[in-house]
Every structure is written in C-alpha cells, then in structure tokens.
S.K.: 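Dropping the structure in here first, questions after.
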Number of protein chains: 2
Amino acid sequence: MLLAVDCIIFGFDGQDIKLLLIQRGFQPRKGEWSLVGGFVQPDESADAAAARILKKLSGLDGIYMEQLHTFSNPDRDTVERTVSVAYTALIDLQKFKQHLHEDFHAVWFPINQHPELIFDHQLMVNKAKEQLRYKAALHPLLLELMPAKFTIPQLQQLYESVYNSEFDKGNFSRKILSTKLLVKLADKDKLNSKKGAFYYRIDRKRYDANKQAFLNFVPDPKI
Amino acid sequence: MLLAVDCIIFGFDGQDIKLLLIQRGFQPRKGEWSLVGGFVQPDESADAAAARILKKLSGLDGIYMEQLHTFSNPDRDTVERTVSVAYTALIDLQKFKQHLHEDFHAVWFPINQHPELIFDHQLMVNKAKEQLRYKAALHPLLLELMPAKFTIPQLQQLYESVYNSEFDKGNFSRKILSTKLLVKLADKDKLNSKKGAFYYRIDRKRYDANKQAFLNFVPDPKI
DNA sequence: CCAAAAGTGTTCTCTCTACACCCATGA
DNA sequence: TCATGGGTGTAGAGAGAACACTTTTGG
C-alpha cells in the first residue's frame with residue numbers, strides 16, 4: 001500500500017480564484033494534469049510530505065496547509081493501491097507569483113476552467129471548494145487570499161466569486177469593517193473608479209487572534 | 001506501510017456522554033485500552049474498514065460515521081509505520097446498549113474519566129471533542145444523541161455538558177423549538193420535577209432536510 | 001457637468017438576552 | 001400550601017437587509 005498526498009492550492013490574483021495544477025512528470029499518465037502531489041516517505045508525516053512536495057514542484061515554501069480529507073477508494077489509482085491525504089491552502093498570488101518559473105511545471109488555472117484531472121482529483125477539488133465556502137461563511141479566512149494592500153470592493157468581488165452571488169456594497173463594507181480586522185491606509189486605488197477606494201491591510205495581530213471567531217459573513221438567501 | 005482506522009464513538013445515555021473503548025486483543029500492548037480500530041484490507045476503502053471493524057468489535061451496525069482526520073506521524077505506532085484514518089460517530093446509547101454483550105470487549109466510559117489510551121489515541125479523542133463542539137454550535141447534530149423520546153431539559157443538559165456552561169432554560173427551549181425539528185408528544189416525564197416536562201421526538205423528515213442548516217446554538221459568552 | 005463607483009444614513013424587522021413571572025403538582 | 005422545576009412574557013439591545021442618498025473625480 002502506498003501513501004500519497006495531494007495539495008489543492010487556491011490563489012487569488014485580485015480578479016479570479018485560481019487553482020494550482022501540474023503536468024505529471026512521470027508514468028503512468030505522464031503529461032496529464034493533476035494536483036500537486038507525491039508519495040509520503042517512510043520517515044515523514046503526511047503534513048511534512050505535503051510541504052516538501054509543494055515546495056519541490058511549485059517553489060511555494062512556508063504555505064500554511066490544512067488537511068482536507070483522506071481518499072482511500074481501493075481503485076482510485078489504476079496502477080497500485082494508493083491512499084491519498086488531501087491538503088488545502090489559500091494564498092495571495094501576487095506575493096508568490098514570481099516563484100513559478102519554468103523550472104516548475106506548475107500552472108495556475110481559473111477555478112472553473114481548468115483541464116481534466118487524473119484519478120479522483122476532481123473529487124478532491126470539489127470537496128475543497130465546498131469546504132472553502134463553508135469555512136469562509138464563518139471565519140474571515142478569505143482575507144488570507146488578499147494582497148498586502150487591497151480595497152473593500154476588491155474583497156467583495158472575492159466573496160461574490162466564492163459564493164456566486166451579489167452582496168450589497170454598503171452592508172458588506174460595514175460588516176467587514178465591524179470586525180476591526182482591517183487597517184485603513186492613506187492612499188486610494190483609482191483603477192476601478194474615479195472617486196477611488198481606500199486601501200486597507202490586515203491587522204495581523206487581531207487577525208491571528210480572531211481567525212477562529214465566528215463571523216457569519218454570508219447574507220441570508222433572498223427568497 | 002500499514003493503513004489503519006480508529007473510531008471515536010460518542011454515546012449519550014440521558015445523563016452523561018460516553019466514549020466507546022476496547023481492550024486490545026492482540027500484541028503489542030495487549031490488554032491495554034484503545035479506540036475501536038483495526039487494519040484496512042487491500043480491497044476495501046477506509047470508510048468500509050471503519051464500518052466493518054466497528055461492527056466486529058462492538059456489534060454496532062449501520063452507524064453513520066464521518067472522517068475526522070488522518071494521523072500519520074512516523075513514530076505514532078511503536079512497532080511498524082502505521083497511518084490511521086480516524087472516524088467519529090454520535091449515537092443514542094439506549095438504542096444500542098443491548099448489543100454490547102460480553103461477546104465484545106467494548107465498554108462505554110464517561111468521556112472525562114476513562115483509562116489511559118495507547119499510541120496517540122488521546123490526541124484523536126481530543127480532536128473529536130473539539131470538532132463536536134464546533135459542529136454542534138452550528139448544526140442540530142446533538143439531537144442524534146437523544147433517545148427516541150426526550151424532554152427539552154434533558155437536551156439542555158446534553159448541551160451544557162458538551163459546552164461546559166449553563167444556558168438560560170427559557171431561551172434554550174425557545175431556540176430549540178424555533179427550529180421546528182421537534183414534535184411534542186402527549187405525555188410527560190415526571191422523574192425530574194413535579195410539574196413534569198413534555199416529551200418530544202425528532203421530526204425525522206425535517207431533521208434530515210435541515211441538518212446542514214446553520215443554527216447558532218451556543219450563546220455568546222457572558223463577559 | 002455628468003456618469004459611475006465609493007461610501008454613509010436611515011428605517012424596519014428580526015433575533016438574542018436577561019430576567020420576571022406564571023404553572024402544575026407531589027409531598 | 002409550598003417548594004420545585006417547567007415553561008411563558010417581555011423589554012431593551014443589537015444585527016441584518018434594503019435602499020435612498022451623498023461624495024469624489026476623470027472625462
């Protein structure tokens with residue numbers, strides 16, 4: 001029995017949510033697209049393997065990953081019995097984009113528009129999306145996807161794309177600000193409007209202290 | 001590399017939350033207490049193995065279990081590298097108690113007063129408790145622990161023991177009833193008071209339709 | 001000046017909490 | 001009849017939703 005890990009890495013570039021995929025470098029199914037993954041070594045934990053493999057295949061280092069689920073269907077891998085522990089992470093693409101040189105075969109794809117994946121990787125992605133929606137409704141974790149400086153309307157776009165619905169801008173802004181997790185900066189982003197929107201940054205101390213607090217971000221569905 | 005499963009089964013007898021443990025029937029550490037667990041066979045998934053092993057060791061059949069987490073520290077098992085997928089379940093003890101004959105070495109222990117466990121099983125139990133608190137704050141899943149007939153004050157006791165705090169009885173009763181997940185029965189339980197408290201049962205249809213709805217059961221902490 | 005996006009004000013409704021109060025009944 | 005736990009009433013605070021309104025500024 002082999003033990004593998006697969007990483008579902010979501011990134012946000014300020015516009016769209018992306019998913020990190022690689023072109024498999026080995027047989028079987030070499031050249032096809034898959035999640036970043038590999039085998040756990042005899043002397044390492046799955047957590048350690050996930051970090052090591054992510055770094056080796058994409059250059060991403062020091063990313064905080066969480067265990068999602070373990071996939072153990074006996075015929076999920078067509079060659080040999082392989083159990084895979086799936087991990088997820090959320091990252092700000094602008095901070096990490098430069099690492100993705102051609103040294104690596106890792107590529108960011110729009111979350112809803114990526115090539116077909118091998119084995120049960122699509123299942124893993126679906127579960128990760130579901131979990132992202134669930135968690136983001138309760139915790140401010142989508143802030144982790146934002147760049148160092150961002151505006152409230154940008155953040156709102158991220159929420160709207162995760163939940164596939166539109167929020168009232170006034171209420172959204174007040175709700176986010178009421179968490180006191182953001183610090184207003186002096187300058188504005190004028191790319192999207194003439195008036196311009198103030199930049200904010202995360203208040204790291206408060207964020208780390210409150211990220212497990214419940215927030216109830218997602219509005220009730222309009223009937 | 002070996003793949004195992006371990007089951008953290010919580011039961012409620014109307015008074016206290018219990019944890020199902022077995023005395024290990026094989027070496028190493030035969031006779032010591034552990035979670036219900038065993039090895040995944042080459043042709044079965046971890047989910048299937050968990051159900052099979054739980055039934056074999058405790059007689060419990062058809063229990064709905066959910067994956068909790070996979071434990072893969074390389075030295076978590078002292079003999080051979082073993083990765084364990086942990087599962088959790090919640091059951092009403094009165095419904096299943098009769099199955100625990102002496103054919104099985106499984107025993108229910110009070111959740112906060114059980115023998116020391118082997119390997120990292122205490123870690124698993126702690127994580128399961130944490131997850132139970134988290135989930136029960138959002139979903140009505142503690143209803144699954146109640147007997148077929150129960151009173152609101154009994155249910156309140158369960159919540160209070162899970163959260164280790166006291167709730168206002170009036171508000172608790174209204175909040176639970178507002179979910180419309182309970183059906184009032186005609187008779188009363190007079191064991192705990194002279195006036196008596198009405199029995200209720202779960203409205204199965206509504207419960208199954210709403211168990212993933214958010215509920216916000218746990219009151220804000222009093223500062 | 002005007003269009004368009006950012007952000008504020010306001011009102012209404014609903015929920016939550018605290019806590020006073022009423023209810024039923026066995027001893 | 002009275003102590004006890006079950007259950008209801010209710011006032012005040014706060015959160016959320018809807019949407020009108022003001023602000024800013026590039027073209």
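Every chain is numbered from 1, with letters handed out A, B, ... down the list of sequences.
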S.K.: Would you mind reporting whether His69(A) and Phe71(A) have side-chain heavy atoms less than 4.5 Å apart?
M.R.: yes
S.K.: In whole angstrom, give the distance that lies between atom CG of Asn171(B) and atom P of dT10(D).
M.R.: 15 Å
S.K.: In whole Å, I'd like the distance from the CD1 atom of Ile176(B) to the P atom of dG6(D).
M.R.: 15 Å
S.K.: Quick check: Phe10(B) with His114(B) (ring centres under 6.0 Å apart)?
M.R.: no
S.K.: Looking at Arg206(A), I want to see if its CZ is surrounded by more than 12 non-hydrogen atoms of other residues, nucleotides or ligands under 6.0 Å.
M.R.: no
S.K.: May I have the distance from Glu166(A) (atom CD) to dA5(C) (atom P), rounded to whole angstrom?
M.R.: 12 Å
S.K.: Please report, rounded to the nearest Å, how far the P atom of dA15(D) is from the CG atom of Asp168(A).
M.R.: 17 Å
S.K.: In whole angstrom, what separates Arg174(A)'s CZ from dC19(D)'s P?
M.R.: 14 Å
S.K.: Under 4.0 Å between a side-chain N or O of Lys175(A) and OP1 or OP2 of dA17(D)?
M.R.: yes
S.K.: Whole angstroms only, please: what is the CG-C1' distance between Asp189(B) and dG26(C)?
M.R.: 14 Å
S.K.: Do you know which of Asp6(A), Asn73(A), Thr70(A), Asp120(A) makes side chain to side chain donor-acceptor pair (under 3.5 Å) with Ser84(A)?
M.R.: Asp6(A)
S.K.: For Lys190(A) and for Thr151(B), locate the closest nucleotide of DNA chain D by heavy-atom distance; then report the residue assigned to the nucleotide nearer the 5' terminus.
M.R.: Thr151(B)
S.K.: Using atom CZ of Phe172(A) as one end and atom P of dA18(D) as the other, report the distance to the nearest whole Å.
M.R.: 15 Å
S.K.: Can you give me the N/O atom pairs linking the protein to nucleotides 1-5 of chain D at distances under 3.5 Å, or say none if there are none?
M.R.:
none

S.K.: Just to verify, what does Arg201(A) make a side-chain contact (heavy atoms from CB on, under 4.5 Å) with, not counting sequence neighbours?
M.R.: Val183(A), Leu185(A)
S.K.: Hey, would you say the Phe150(A) and Tyr200(A) ring centroids sit under 6.0 Å apart?
M.R.: no
S.K.: Can you tell me how far C1' of dT24(D) sits from CG of Asp187(A), to the nearest Å?
M.R.: 16 Å
